[in-house]
Amino acid sequence: GGGTTFLEYERKVWMKNENVNMMLEGIPQNLSDFALFQSVMKRKEAHEIVLSIIMEDPGLILNEIHVEEVILNKCQKRAIRLDAWAKDLHGIQYNTEMQNDTRKDDMRKRARFYQSLIDSPILKSGQETKYKHLPETVVIFITQEDIFGEDLVKYTFTEQCEEVEGLHLEDGTTKIFLNMTSKNGTPELVSLLQYMKETTLENPLVFVKDARMERLDSIVTEVKESEEWEEVYMSIYSVGIDVGEESRLLKLICKKLRKGKSEEIIADEVEEDISFVQKMIDFVTRFAPKYDEDAVLSAWMQVRDQVNH
């Protein structure tokens, strides 16, 4: 009997792992996926390759990099989490952001806000302010859509005078928006963005397969085979499962409340942790008497994001 039980247990574990592996195969593993992007950009060499292609500077060398760095403003009111930040040998700072959904917010103003917060910690309060010591900064947004509609791969913005043609402000700030949908740009940059979109050198739209692209591809492979990426991968999977389970429970609670069932009966019927279910019921009752599922789910996700971030 004991042996059979152990074998059954082993089979269940194997089946669970197989199911997990099958589910994981469906999670994006392209550089345009923020999790892989951040994991790869932690590698200094990969960070240098990406920036050297974007900035058209093959000799670009970085001496400092950070990934997922949080910057608070002075009032602690709003923070930004930088996907990838770096500083080169000349002191120029680069912030590179993977922006897959540009419809939720104004990317132009978002770039402006990022720019201001990157500058703010540099000048220390209480000392004589020397604005001339502000370093040059480059904010780069990589997007899946053409937010300017001119079918260019790269849009570079610097401050300049409206009245005098060619008179540049030279305040040391540059904002670059990269567009994955266009093929109008340098072959190297087009190839990099298409590689990010479908991360394999077999991708026919990756025209340039030079030493930099080959090295980047090998670093991506190393990251994907690392234990660190496996943990990141699994955490993405578990979050997806959590969200799916919560959505199912919320919908179920909405239906049962519409039928007039009491909180005690609902908690008993769903057969989940009573304290967690009670928390969800308390949340859903704010949407009485309609208990609109879309409204409930939308509000729950907003609260969930605030708690998690």
Side-chain angles (χ1 to χ4, degrees), residues 29-71 80-100 111 114-115 118-119 121-122 134-144 153-158 172-180 185-201 203 205-226 228-229 232:
Q29 287 202 64
N30 297 314
L31 265 181
S32 56
D33 173 51
F34 82 96
L36 184 57
F37 177 73
Q38 289 179 343
S39 296
V40 169
M41 293 292 269
K42 283 181 184 176
R43 310 288 183 99
K44 180 172 172 284
E45 191 178 358
H47 212 132
E48 283 176 342
I49 290 169
V50 169
L51 285 179
S52 73
I53 294 173
I54 293 171
M55 302 306 298
E56 298 176 43
D57 180 6
L60 186 143
I61 297 174
L62 302 175
N63 60 4
E64 194 178 346
I65 64 168
H66 296 287
V67 172
E68 276 201 293
E69 180 173 46
V70 174
I71 295 181
I80 55 172
R81 184 185 285 111
L82 305 181
D83 282 357
W85 176 94
K87 184 165 70 173
D88 71 11
L89 292 179
H90 305 291
I92 300 173
Q93 296 190 21
Y94 304 88
N95 167 220
T96 311
E97 298 288 316
M98 186 62 68
Q99 297 287 337
N100 286 323
Y114 276 45
Q115 175 71 64
I118 291 167
D119 280 342
I122 296 166
L134 279 172
E136 288 186 42
T137 56
V138 182
V139 174
I140 302 164
F141 278 17
I142 305 172
T143 67
Q144 299 253 16
V153 160
K154 183 179 182 181
Y155 299 93
T156 305
F157 295 90
T158 56
T173 64
T174 303
K175 298 177 185 70
I176 298 173
F177 296 84
L178 302 178
N179 165 30
M180 287 187 186
T186 65
E188 293 83 3
L189 184 53
V190 171
S191 296
L192 174 66
L193 294 180
Q194 294 308 312
Y195 177 79
M196 287 180 167
K197 204 170 181 180
E198 187 184 335
T199 305
T200 169
L201 289 180
N203 181 345
L205 295 175
V206 178
F207 308 119
V208 178
K209 298 181 177 71
D210 60 9
R212 286 184 297 181
M213 287 299 298
E214 287 179 354
R215 180 61 188 135
L216 179 61
D217 187 61
S218 66
I219 293 171
V220 169
T221 302
E222 287 169 19
V223 168
K224 286 181 178 180
E225 291 173 353
S226 68
E228 179 195 358
W229 174 242
V232 171

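Model, not experiment: these values are computed from the prediction. Count residues from 1 along the sequence.
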Of all the heavy-atom pairs spanning [X] and [Y], show the shortest one and how long it is.
{"X": "Met180", "Y": "Ile142", "result": "CE-CG2, 3.6 Å"}
{"X": "Lys154", "Y": "Ile176", "result": "CG-CG2, 3.9 Å"}
{"X": "Ser191", "Y": "Met213", "result": "O-CE, 4.1 Å"}
{"X": "Val138", "Y": "Met55", "result": "CG1-SD, 4.1 Å"}
{"X": "Gly91", "Y": "Pro135", "result": "O-CB, 3.4 Å"}
{"X": "Met196", "Y": "Asn30", "result": "O-CB, 3.4 Å"}

Do [X] and [Y] come close enough that some side-chain heavy atom pair is under 4.5 Å?
{"X": "Glu64", "Y": "Trp85", "value": "yes"}
{"X": "Leu36", "Y": "Lys224", "value": "yes"}
{"X": "Leu189", "Y": "Ile54", "value": "yes"}
{"X": "Phe207", "Y": "Gln194", "value": "no"}
{"X": "Glu214", "Y": "Leu201", "value": "yes"}
{"X": "Arg212", "Y": "Glu48", "value": "no"}

Can you find a side-chain donor-acceptor pair between Gln115 and Thr137 that sits under 3.5 Å?
yes
Verify whether one side chain among Asp88 and Tyr94 offers a donor that lies under 3.5 Å from an acceptor in the other.
yes
Let me confirm one number: the [atom1]-[atom2] distance from [X] to [Y], rounded to the nearest 0.5 Å.
{"X": "Gln144", "Y": "Leu193", "atom1": "CD", "atom2": "CG", "value": "10.0 Å"}
{"X": "Glu97", "Y": "Ile140", "atom1": "CD", "atom2": "CD1", "value": "10.0 Å"}
{"X": "Asp83", "Y": "Phe141", "atom1": "CG", "atom2": "CZ", "value": "9.0 Å"}
{"X": "Ile61", "Y": "Leu89", "atom1": "CD1", "atom2": "CG", "value": "5.0 Å"}
{"X": "His90", "Y": "Glu136", "atom1": "NE2", "atom2": "CD", "value": "10.0 Å"}
{"X": "Glu45", "Y": "Ser218", "atom1": "CD", "atom2": "OG", "value": "7.0 Å"}

With Tyr195, the side chain to side chain donor-acceptor pair (under 3.5 Å) member among Thr200, Asn203, Asp217:
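With Tyr195 as partner, side chain to side chain donor-acceptor pair (under 3.5 Å) holds for just one option, Asp217.
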Run the side chain to side chain contact (heavy atoms under 4.5 Å, CB included) check on Leu216 and Leu192 step by step: do they pass?
CA-CA 10 Å; Leu216 179 61; Leu192 174 66; 3.8 Å; yes
Could you check whether Glu222 pairs with Arg43 (Lys NZ or Arg NE/NH1/NH2 to Asp/Glu carboxylate O, under 4.0 Å)?
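Salt bridge: yes.
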Donor-acceptor contact below 3.5 Å, side chain Lys44 vs main chain Leu62:
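Yes: the side chain of Lys44 pairs with the backbone of Leu62.
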